[in-house]
Structures are given as structure tokens and as C-alpha cells.
Amino acid sequence: MEEKSILFEQIRSSGCLSYIVGSKSEKVGVVIDPEIDKTEEYLGLARHFAIELIYAIDTHTHADHSSACKILRDRAGIKAVMHRASEAPYVDVGVDEGDIVRCGDIAVEVLHTPGHTEDSTCLVIGNRIFTGDTLLIGGCGRTDLPGGNAEKQYESLQRLMALGDHLRVYPAHDYRHAVSTLGDEKKSNPRLLAPSKEEFVNFMTNRNPPLPRKIQSALEWNRTPIQGTQRGGGEGI
Ligand SMILES: [Fe+2]
């Protein structure tokens, strides 16, 4: 789809980044990695753009913030989308490697990129790649939290190395910058330039950063349904 027919908005909530991608002609859109405190903002942006949000997609089970997916689902009937390995009981559409989620003329291609978590995905929409916490600008997501695996993270990053340099990288956090390209990351990201799998795994398993402040409440929220609401079907697309 043509770039000029895309509505795109990056929404910042402290260090977390979420995104709205919409279709100007078809008046529909998706929200990626929505954060609970920004629920009103997503709905307001959808009103502003005069689009209907069809899907709320989490790139993975977040351990540092509460997802807005189940609130958006409950309040606005927006379908929650996550990888099949997700434990979230409210997922309507469970996706896997190679699946394409269609929303009007927007095609969201799913790459399964485990490592940060087992259910981690990257999403390709046109010339953008939403990398969740698989690839960050100048870094990558940690691998020591539940479901993390440094070896798988290495393999997933190697997969991204094979994709086109032109892809604009939009991560779930911006500890440094808010956007980059895959070409720039291949040249300068130390995690992508690790000389060997062994060195990468060694680095990731020895760094031991402190746990996210809200890990307990975030994981509890992100893995449970809203009381009194239906569980998602979780079936594939
Ligand atoms: Fe994460």
C-alpha cells in the first residue's frame, strides 16, 4: 500500500512506545503495543483520524507495563491479537510465523522472533517493522525475564539481519532514539554485531539488569481476563 495512504502515529508513554497505523481510504486501523494509561489517547486519535480500530496487537507479553488490549477489547470491541504462545486469555486472534493480519488495505505480516519472550513477534507493515523488544534502537530486549532465552534472541536478531535495509525500525521502547532503519542498526547495533552466538549469549546472560518496577502487576494484568468478560477464542487468522 502507498505510503501516502497510511495514517501513522507514534505514541509515547515514558519509555514505552505504541503505534497507530491506519488506512486513509478504508478508514480502519490497528494499534500496536497499546499501554493502559494511553487508552483514551488511542480512542481519541481514532476519532480524530475518523478510523475504526479493528485490531489491538501486542508484540509480546510485556513485563514492564499493563497492556490496553483487554480494555480496548472490552470497551470498543477491538480484537486482541498476539502470538499463539501468549498466555493472555483475552486474545481473539492467535498468530504465528508468516501469518498476515489484514485490516482494510493494511497487511500486517507476522514474524515469530522468540528470545525476549517466547511469544515475541515483529510486525512488518509496508516499509516499517515494529520490533517490540526483539530489536531496540542500539540494543535488544533483555532475555532474563519469564520466557526469555538468549540463544533464541540471537537467532531472531540474525533473522532480522537478513531483512531489507530500507525497513524503518519502530521498537516498543526508545531508550535512545525513537526510529531507525534496519540498515543503520546492522551497521551500529552492538547486539547485531556480536561476533558469535556464544559471545551474545554470554553478554545477555551475565548482564543482570534490575527487574522492571511494575513486573508483578504488569504480568498479572497481562495474563488475566477482565472479570465477567468472555475469554478470547485465540484462534488463528
Ligand atoms: Fe518487553
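Side-chain atoms are counted along with the backbone in the values below, which use heavy atoms only and exclude waters and symmetry mates.
You'll find the side chain of D184 stays beyond 4.5 Å of the side chain of V169, heavy atoms only. Side-chain contact between L72 and D74 is absent, with no heavy atoms from C-beta onward closer than 4.5 Å. I32 is listed as a side-chain neighbour of V30, based on a closest heavy-atom distance under 4.5 Å. Using a 4.5 Å heavy-atom cutoff, the side chains of V95 and I100 are not in contact. You'll find the side chain of L123 reaches within 4.5 Å of the side chain of I57, heavy atoms only. With contacts defined as side-chain heavy-atom distances shorter than 4.5 Å, the pair V31/I11 does not qualify.
A distance-only check finds a donor-acceptor pair linking the side chain of K70 to the backbone of W221 [under 3.5 Å]. In this structure a side-chain-to-backbone donor-acceptor pair under 3.5 Å is present from N222 to S67. Using a distance-only test at 3.5 Å, with no hydrogens or angles considered, a donor-acceptor pair links the side chain of S156 to the main chain of P114. Under a 3.5 Å cut-off, the side chain of N206 and the backbone N or O of N202 do form a donor-acceptor pair. Checking side-chain atoms of K79 against main-chain N and O of Y55 turns up no donor-acceptor pair under 3.5 Å. Between the side chain of S86 and the main chain of M82, no donor-acceptor pair closer than 3.5 Å is present. A donor-acceptor pair under 3.5 Å links the side-chain atoms of N149 to the main chain of K152, judged by distance alone. The backbone N or O of G141 sits less than 3.5 Å from a side-chain atom of Q153, completing a donor-acceptor pair. In terms of modelled atom types and a separation under 3.5 Å, the side chain of Y19 and the main chain of P171 share a donor-acceptor contact. Side chain of D33 to backbone of L17: no donor-acceptor contact under 3.5 angstrom is found.
Under 4.0 Å is where a charged nitrogen must lie from a carboxylate oxygen, and between R75 and E40 at least one such pair does. Here R12 pairs with D174 in a salt bridge; the nearest charged N to carboxylate O distance falls below 4.0 Å.
Summarising the geometry of T224 relative to P89, their closest heavy-atom pair is C-CG, 3.5 Å, with the distance given to 0.1 Å. When all heavy atoms of R191 and M204 are compared, the pair lying nearest together is CD-SD, 4.1 Å. Here the shortest heavy-atom pairing between A80 and R73 reads CB-CD, 4.2 Å. Taking each heavy atom of P146 and I215 in turn, the nearest pair found is CD-CD1, 4.5 Å. The nearest pair of heavy atoms linking A68 to T39 is CB-OG1, 3.6 Å. For D58 against P34, the heavy-atom pair with the smallest separation is OD1-CD, 3.8 Å.
Pairs engaging residues 64-87 under the ring-ring contact (aromatic ring centres under 6.0 Å, His included) rule: H62-H65, H83-H112 [sequence neighbours left out]. Listed by first and then second residue, the ring-ring contact (aromatic ring centres under 6.0 Å, His included) pairs that reach into residues 190-209 are Y154-F200, sequence neighbours excluded.
L145 and V201 are not part of a single hydrophobic cluster, where members link through side-chain heavy atoms under 4.5 Å apart. Linking ILVMFWY residues whenever their side-chain heavy atoms come closer than 4.5 Å, directly or via other members, leaves I54 and I51 in distinct clusters. A single hydrophobic cluster is seen to contain both V21 and V93, as judged by linkage of ILVMFWY side chains at heavy-atom distances under 4.5 Å, directly or through other members. There is a path of hydrophobic side-chain contacts, each under 4.5 Å, that joins F8 to I106. One hydrophobic cluster holds both L111 and M161 under the rule that ILVMFWY side chains link at heavy-atom gaps under 4.5 Å.
Within the model, atoms CG of L157 and CG of N189 stand 7.5 Å from one another, a figure rounded to the nearest 0.5 Å. Note that CD1 of I71 and OG of S66 are 9.5 Å apart. Values are rounded to the nearest 0.5 Å. Atoms SG and CG, on C140 and L192 in that order, are 8.0 Å from each other to the nearest 0.5 Å. To the nearest 0.5 Å, atom CG of residue L211 and atom NZ of residue K214 are 15.0 Å apart. With rounding to the nearest 0.5 Å, the separation of CZ in R47 from CG in L53 is 10.5 Å.
Counted by atom type alone, E185 and S180 present one or more donor-acceptor pairs between their side chains at under 3.5 Å. Remark: the D37 side chain and the S13 side chain contain no N/O donor-acceptor pair separated by less than 3.5 Å.
In E220, the CD atom is not crowded: 12 or fewer heavy atoms of neighbouring residues, nucleotides or ligands sit closer than 6.0 Å. Within 6.0 Å of the NZ atom in K186, the count of heavy atoms belonging to other residues, nucleotides or ligands exceeds 12. Other residues, nucleotides and ligands contribute over 12 non-hydrogen atoms within 6.0 Å of the CD atom of Q10.
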- Query: Could you walk me through whether R84 and E97 pass the salt bridge (charged side-chain N to carboxylate O under 4.0 Å, His left out) check?
  - Reply: CA-CA 10 Å; R84 284 177 190 279; E97 172 66 29; over 6 Å; no

Check against side chain to side chain contact (heavy atoms under 4.5 Å, CB included), R223 and T61 = CA-CA 8 Å; R223 290 167 162 176; T61 301; 4.3 Å; yes

Which donor-acceptor pairs under 3.5 Å do side chains of residues 125-138 form with protein atoms, sequence neighbours excluded?
unit_1: R128; atom_1: NH1; unit_2: E3; atom_2: OE1; d: 3.2
unit_1: R128; atom_1: NH1; unit_2: E3; atom_2: OE2; d: 3.2
unit_1: R128; atom_1: NH2; unit_2: E3; atom_2: OE2; d: 2.8
unit_1: T131; atom_1: OG1; unit_2: L135; atom_2: O; d: 2.6
unit_1: D133; atom_1: OD2; unit_2: H60; atom_2: NE2; d: 3.3
unit_1: D133; atom_1: OD2; unit_2: H116; atom_2: NE2; d: 3.2
unit_1: D133; atom_1: OD2; unit_2: H173; atom_2: NE2; d: 3.4
unit_1: T134; atom_1: OG1; unit_2: T113; atom_2: OG1; d: 3.0

